[in-house]
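Everything on this sheet refers to the single structure shown next.
Letters go in sequence order (proteins before strands), and every chain restarts at 1. As a basis for the values below, the full set of heavy atoms in this structure was taken, side chains included, without hydrogen atoms, waters or symmetry mates.
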Amino acid sequence: MTTDDGPSNFLRELIAADVAAGKHGGRVVTRFPPEPNGYLHIGHAKSICLNFGLAREFGGTCNLRFDDTNPAREEQEYVDAIEADVRWLGFDWGERKYFASGYFDQLYRWAVQLIGKGLAYVDDQTTEQIREGRGNFYRKGTDSPNRDRSVDENLELFERMRAGEFPDGARVLRAKIDMSHANLNMRDPPMYRIKRAHHHRTGDDWCIYPMYDYAHGLSDALEGVTHSICTLEFEDHRLLYDWFIEALELEHRPQQVEFAKLNFSYIVLSKRKLLELVKGGYVNGWDDPRMPTIRGLRRRGVTPEAIRAVAERTGASKRDGRVDITLLEHEIREHLNATSPRAMAVLDPLKLVIENFDEHAVEWFEAPNNPEDPAAGGRKVPFSREIYIERDDFREVAPKKWYRFAPGQEVRLRYACFVRCNEVIKDAAGNVVELRCTWDPASRGGDSPDGRKVRGTSHWVSARHAIAAEVRLYDRLFSEPDPEGIDGRDWKEFLDPRSIRVVAGAMLEPSLADVPVGARFQFERVGYFCADDDSRPGHPVFNRTIGLKDSWAKIEAKGG
RNA sequence: UCGGGGAUCGUCUAAUGGUAGGACUGCGGAUUCUGGUUCCGCAUAUCAAGGUUCGAAUCCUUGUCCCCGAACCA
């Protein structure tokens with residue numbers, strides 16, 4: 001089955017079947033449940049697209065719920081950043097912003113209820129003793145000596161835990177399930193721990209906090225979530241997820257469904273490694289344009305449309321894999337090609353003097369803003385006797401199939417005219433410093449009335465009108481597709497120093513002088529660029545989002 | 001030695017007993033005032049071995065390989 005929303009996948013089919021069967025009254029409610037302890041990255045984007053996308057597709061709703069049950073690592077700053085990132089991606093949770101911490105009272109009452117049913121108990125053992133008692137994959141666990149405490153004693157102890165009568169870590173509330181269960185999550189998992197830490201929302205109201213396994217499913221139930229979509233590593237937890245809901249005899253039963261998280265070649269996504277990149281100074285912060293964070297991608301110039309397209313194209317399944325980064329790159333180009341205004345910018349300027357062009361004259365040539373989009377209009381670009389062209393567009397000795405500048409070869413200056421290179425000027429060291437050319441005034445506008453063809457077209461900037469700019473050329477952060485998977489080598493060894501190259505003296509056409517931060521352009525024949533936060537009036541800084549495909553580079557690389 | 005998942009082109013993903021399809025990548029070619037875009041074409045896959053069936057990626061059996069799990073993290 002294929003729809004406008006993309007190809008079929010097991011989540012879509014499962015939800016469609018539930019809706020068709022009238023489960024939950026045919027309603028669909030999902031949620032995106034980040035822990036506010038870090039910045040969102042492209043892996044989260046996948047989950048966001050899935051949860052919000054599926055809800056929208058089935059006429060349901062998606063909640064934004066912060067899973068803030070561990071005050072030691074969560075902060076308001078992250079809540080704000082996450083909200084901004086989800087919005088930027090194009091999703092809206094309406095009034096449905098929730099916090100697990102908003103359910104602390106209810107969760108506490110339910111815990112008391114479970115104690116009353118003999119399904120939870122307070123354990124005085126140390127962390128080490130509990131770990132020891134849990135056993136391991138091959139050895140069954142053993143019951144805690146506190147396992148058979150009376151309901152009354154448990155009630156009293158739990159109340160005193162809440163009241164702050166015991167030091168941190170002294171006791172935990174445990175679900176009473178089965179210490180010999182093959183699934184370790186079922187061996188009397190902790191529900192509450194004592195932890196005196198200031199919570200970003202509840203302040204110092206609590207000194208006990210619920211664990212993920214206890215809080216998550218019940219929060220889902222409270223919100224009427226129908227499909228609780230999470231990643232594969234929680235498959236083992238589903239049994240526990242269901243157990244709490246069952247034990248409390250809750251009427252609404254959300255269903256946990258797991259999918260394989262999104263990962264890419266040439267990228268690392270683990271929170272720990274991302275943090276290491278930032279803390280270790282390997283990148284310039286969480287919003288470094290080489291980071292796979294939403295903020296990094298945004299600063300790089302990537303569009304939310306491209307990210308959503310990747311999420312859609314990669315579907316959903318239970319096989320863990322690694323998507324080829326070229327798919328992301330393709331979607332970025334795809335969207336930017338359709339939407340970016342064009343401009344001319346010379347990254348590595350080589351002066352070109354048109355000897356038969358009046359020294360004081362200026363011609364203004366009309367250039368379309370986007371050949372892909374006539375509605376984008378056009379602009380005038382100034383042309384004068386001295387211009388800059390890309391140094392790499394000139395070869396003193398033309399290789400085979402070389403259409404660009406070379407002695408005696410005629411080339412088109414885009415939207416301007418034909419010029420022919422007559423002479424190459426070098427400095428004492430033999431470096432080419434200037435090209436002397438003549439133009440054909442009849443080719444004004446870019447075509448010759450006699451119909452003669454030129455194969456090469458180059459971009460250019462009038463020297464007198466050029467704006468100097470800094471351009472940051474970003475590339476893949478790693479030199480290896482799987483930096484984490486190379487035998488016996490640290491992933492940081494594959495950080496690619498060429499992932500950023502700063503060009504100080506780029507020359508831009510004057511229309512680019514004062515462009516708002518975040519504005520995206522295609523620099524013709526070069527790539528897609530985005531005005532960086534560091535731009536100053538009259539002195540823009542541009543980030544390269546992604547280069548244009550370069551088939552000449554391929555020909556040349558093949559030894560042509 | 002345990003439990004839970006998963007194996008389809010190089011990569012991601014469809015096909016739910018009836019022609020193994022799509023996308024990205026790669027390689028050709030056409031068009032082009034971006035060696036871009038667009039268009040056309042080519043190449044490449046069912047983990048293995050048995051079995052059931054007129055017919056198997058799909059069902060059965062036996063293997064093999066990969067991922068996750070032993071926080072008072074989420």
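Of the side-chain N and O atoms in A:Lys140, none sit less than 4.0 angstrom from OP1 or OP2 of B:rG3. For B:rU34, neither phosphate oxygen OP1 nor OP2 lies less than 4.0 angstrom from any side-chain nitrogen or oxygen of A:His459. The side chain of A:Arg193 places an N or O atom within less than 4.0 Å of a non-bridging phosphate oxygen (OP1 or OP2) of B:rC73. Side-chain nitrogen and oxygen atoms of A:Arg174 include none within less than 4.0 Å of the OP1 or OP2 phosphate oxygen of B:rC72. In this structure, A:Arg525 reaches the B:rG35 phosphate: one of its side-chain N or O atoms is under 4.0 Å from OP1 or OP2. Residue A:Lys549 places no side-chain N or O under 4.0 Å from the OP1 or OP2 atom of B:rU34. Taking only side-chain nitrogens and oxygens, A:Ser317 never comes nearer than 4.0 Å to OP1 or OP2 of B:rG6. Between A:Arg238 and B:rG4 there is no side-chain polar atom (N or O) within less than 4.0 angstrom of OP1 or OP2. Side-chain nitrogen and oxygen atoms of A:Ser551 include at least one within less than 4.0 Å of the OP1 or OP2 phosphate oxygen of B:rG36. A close approach under 4.0 Å does not occur between any side-chain nitrogen or oxygen of A:Lys318 and OP1 or OP2 of B:rC67. In terms of phosphate contacts, A:Lys554 brings a side-chain nitrogen or oxygen within less than 4.0 Å of OP1 or OP2 of B:rG26. Of the side-chain N and O atoms in A:Arg322, none sit less than 4.0 angstrom from OP1 or OP2 of B:rU13.
Taking every side-chain heavy atom of A:Pro190 into account, B:rC72 is the closest of B:rG36, B:rC24, B:rC72. Listed nucleotides B:rA74, B:rG35, B:rA71 differ in distance to A:His237; the shortest reach to its side chain belongs to B:rA74. In the set B:rC2, B:rU34, B:rA15, the nucleotide with an atom closest to the side chain of A:Glu13 is B:rA15. Set against B:rA15, B:rG5, B:rA74, the side chain of A:Ser8 has B:rA15 as its closest nucleotide. Taking the side chain of A:Asp324 as heavy atoms from C-beta on, and the options B:rC72, B:rU11, B:rG36, the nearest nucleotide is B:rU11. Side-chain atoms of A:Arg404 lie closest to B:rG35 of the nucleotides B:rA74, B:rC2, B:rG35. Distances were taken from every side-chain heavy atom of A:Trp552 (C-beta onward) to each of B:rC72, B:rC24, B:rG35; the shortest belongs to B:rG35. Ranking B:rU1, B:rC27, B:rG36 by closeness to the A:Tyr138 side chain, first place goes to B:rU1. Side chain of A:Lys195, nearest nucleotide from B:rG35, B:rC73, B:rC72: B:rC73.
Note on A:Phe234: a base of the nucleic acid sits closer than 4.0 angstrom, heavy atoms only. Heavy atoms of A:Thr69 sit under 4.0 angstrom from primed sugar atoms or phosphate atoms, though from no base atom. Within 4.0 Å of A:Arg134, counting heavy atoms only, lie sugar-phosphate atoms of the nucleic acid but no base atom. Using a 4.0 Å heavy-atom cutoff across all strands shown, A:Gly456 reaches no nucleic acid atom at all.
The separation of B:rA70 from B:rU1, taken at their C1' atoms, amounts to 14 Å, rounded to a whole angstrom. Between B:rC24 and B:rG5, the two P atoms lie 35 Å apart (nearest whole Å). Look at the P atom in both B:rU52 and B:rA57: the space between them is 16 Å, to the nearest Å. Atom name C1', nucleotides B:rU62 and B:rG28: the rounded distance is 46 Å, in whole Å. The gap from the C1' atom of B:rU46 to that of B:rG6 amounts to 15 Å, rounded to the nearest Å. Spacing between B:rA74 and B:rC39 at atom C1', rounded to whole Å, works out to 49 Å. As rounded to the nearest Å, B:rC66 and B:rG50 have C1' atoms that lie 23 Å from one another. Between B:rU13 and B:rG18, the distance separating the two C1' atoms is 22 Å to the nearest Å.
Along RNA chain B, the nucleotide closest to A:Val526 and the one closest to A:Gln125 are compared, and the more 5′ of them pairs with A:Val526. For A:Gly446 and A:Gly321, each mapped to the nucleotide of RNA chain B holding its nearest heavy atom, the one lying further toward the 5' end belongs to A:Gly321.
One cannot find a donor-acceptor pair under 3.5 Å joining the base of B:rG35 and the side-chain atoms of A:Glu556. Judged by atom type and distance alone, A:Asp236 reaches the base of B:rG3 through a side-chain donor-acceptor pair under 3.5 Å. Between the side chain of A:Arg342 and the base of B:rU34 there is at least one donor-acceptor pair of N/O atoms closer than 3.5 Å. Between the base of B:rU34 and the side chain of A:Gln522 there is a donor-acceptor pair shorter than 3.5 Å.
The 12-atom threshold is not exceeded at CZ of A:Arg455, counting heavy atoms of other residues, nucleotides or ligands nearer than 6.0 Å. Atom NZ of A:Lys273 has more than 12 neighbouring heavy atoms from other residues, nucleotides or ligands inside a 6.0 Å radius.
Searching all strands for a Watson-Crick or G-U wobble partner of B:rC2 with both distances below 3.5 Å returns B:rG69.
A side-chain donor-acceptor contact under 3.5 Å links A:Ser8 and A:Glu13.
Here the straight-line distance linking atom OH of A:Tyr241 with atom CZ of A:Arg238 works out to 11.0 Å at 0.5 Å rounding.
In this structure, A:Thr231 contributes its side chain and A:Glu233 its backbone to no donor-acceptor pair below 3.5 Å. Here the side chain of A:Asp348 pairs no donor or acceptor atom with the backbone of A:Arg391 at under 3.5 angstrom.
Aromatic rings of A:Phe66 and A:Phe99 (six-membered ring for Trp) have centroids within the 6.0 Å cut-off, being under it.
Figure legend: A:Arg171 and A:Phe166 shown as a cation-pi pair, the cationic atom lying under 6.0 angstrom from the six-membered ring centre and within 45 degrees of its axis.
Stacking between A:Phe137 and B:rG69 is present: the aromatic ring centre lies within less than 5.5 angstrom of the base six-membered ring centre, and the two planes differ by under 30 degrees.
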